[in-house]
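Let me begin by presenting the structure, written as structure tokens, before commenting on it.
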Amino acid sequence: MDCCCRVRRPKLVITLFSLFLMKGLKTNQIIVNTFLKCLCYAKRTDKAVNVLLHRMSELGCVPNAFSYNIVLKSFCDYSMSQRALELLQMIAEEGGGCFPDVVAYNTVIHGLFMEGETGKACNLFHEMVQQDVAPSVVTYISIIDALCKARAMEKTELVLWQMVANGAHPDTMTYSCMINGYSTSGRLKEATKLLREMTGRGLIPDIVTCNSFLASLCKLGRSKEAAEFFESMTAKGHKTGYRLIPHFASWVCYRRMLC
DNA sequence: TTAGGGTTAG
């Protein structure tokens, strides 16, 4: 079933699962969760909700955190984060012993941010803390990314500070979000500082992050610095300690500098 | 052996 889903044949999975039941074979949580995933992939999220809330218990399988999270993610992927929020609140109230975990909260918080429901996303973040579910790096990245896109860099710094204080260490993706946020805001001094900070911690920026920074340098007409940065990011040296293979976007910037 | 969450460039 999982293989059929991976090769984008969800209808085949539905047939397989029907056959499975007809044969009288005993299901387990992993089998039904794989079926849920395929239903969601086939854009049949409502059918998945029905299986989750009614059919699973009839089949002798109690939904677990994976079951709920597969359906929550599907709602969010199809821009129905409000329905995801309602399902999450239902699990919290009557989940039958299965309470929403950090992945459930992260999924819905990210979905709400993606649909511009900033207030609801922030409320849910506070709710998860009240419920003693510790936010992870993924939670903070969703918030940081939303704040960066809103160009609210001061608030982003506060969240980063809170993240570190709570023991969630910024990873490469956290730095990438912030560097891109500063770059697109034209605040290259701060972006440079973060680039240095992350490499100092042994985290290597990826080519897209570097391109974002490079593009901002070019847009601001700082050609000399852009040329120096291009040289340093593409040639392994004592300054950076890493070497990246330029993408087409890098060369576009480089050509612009030459022109 | 098999199930769930995150970003960015031209």
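Reckoned from all heavy atoms, side chains included, excluding hydrogens, waters and symmetry mates. All chains are named by letter (A, B, ...) in the order of the sequence lines, taking the proteins before the strands, and each is independently numbered beginning at 1.
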Checklist entry - If you take atom types as modelled and just measure distance, does the side chain of A:Thr209 reach the base of B:dT8 with a donor-acceptor pair under 3.5 Å? => result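 Result: at least one qualifying N/O pair found.
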Checklist entry - On a plain distance test, is the side chain of A:Asn180 in donor-acceptor contact with the base of B:dA9 below 3.5 Å? => result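 Flag unset: no donor-acceptor pair detected.
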Separation of [X] atom [atom1] from [N] atom [atom2], in whole Å?
X        : N      : atom1 : atom2 : value
A:Tyr140 : B:dT7  : OH    : C1'   : 18 Å
A:Asp101 : B:dA3  : CG    : C1'   : 13 Å
A:Leu214 : B:dG10 : CG    : P     : 10 Å
A:Phe229 : B:dA9  : CZ    : P     : 15 Å
A:Met153 : B:dT7  : CE    : C1'   : 13 Å

For [Y], is there an ion pair with [X] - N to carboxylate O distance below 4.0 angstrom?
X        : Y        : value
A:Asp77  : A:Lys43  : no
A:Glu190 : A:Arg187 : yes
A:Glu197 : A:Arg201 : yes

Next on the checklist: Give me the atom names and distance for the closest heavy-atom approach of A:Cys210 to A:Tyr242.
Outcome noted: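 Looking at all heavy atoms of both residues, the closest pair is SG-OH, 4.3 Å.
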Checklist entry - Is the backbone N or O of A:Pro63 less than 3.5 Å from a side-chain atom of A:Gln29, with the two atoms forming a donor-acceptor pair by type? => result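 No, the answer is negative, given that no donor and acceptor are paired below the 3.5 Å cut-off.
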Checklist entry - Which part of the nucleic acid, if any, lies within reach of A:Ser176 when heavy atoms closer than 4.0 Å are counted: base, sugar-phosphate only, or nothing? => result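 A:Ser176: base contact, heavy atoms under 4.0 Å.
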Next on the checklist: Mind checking if A:Asp171 touches a base, just sugar-phosphate, or nothing, with heavy atoms under 4.0 Å?
Outcome noted: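 If one applies the 4.0 Å heavy-atom cut-off, A:Asp171 turns out to touch a base.
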Checklist entry - Hey, what's the ring geometry for A:Tyr140 with A:Phe125, parallel, tilted or perpendicular (30° and 60° as the breaks)? => result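 Rings of A:Tyr140 and A:Phe125: perpendicular, over 60°.
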Checklist entry - Which residues in residues 144-152 of chain A have at least one heavy atom lying under 4.0 Å from any atom of DNA chain B? => result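 Hits under 4.0 Å, by residue number: A:Asp145, A:Lys149.
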Checklist entry - Considering only B:dT7, B:dT2, B:dG10, which nucleotide approaches the side chain of A:His110 most closely? => result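 Among the listed nucleotides, the one closest to the side chain of A:His110 is B:dT7.
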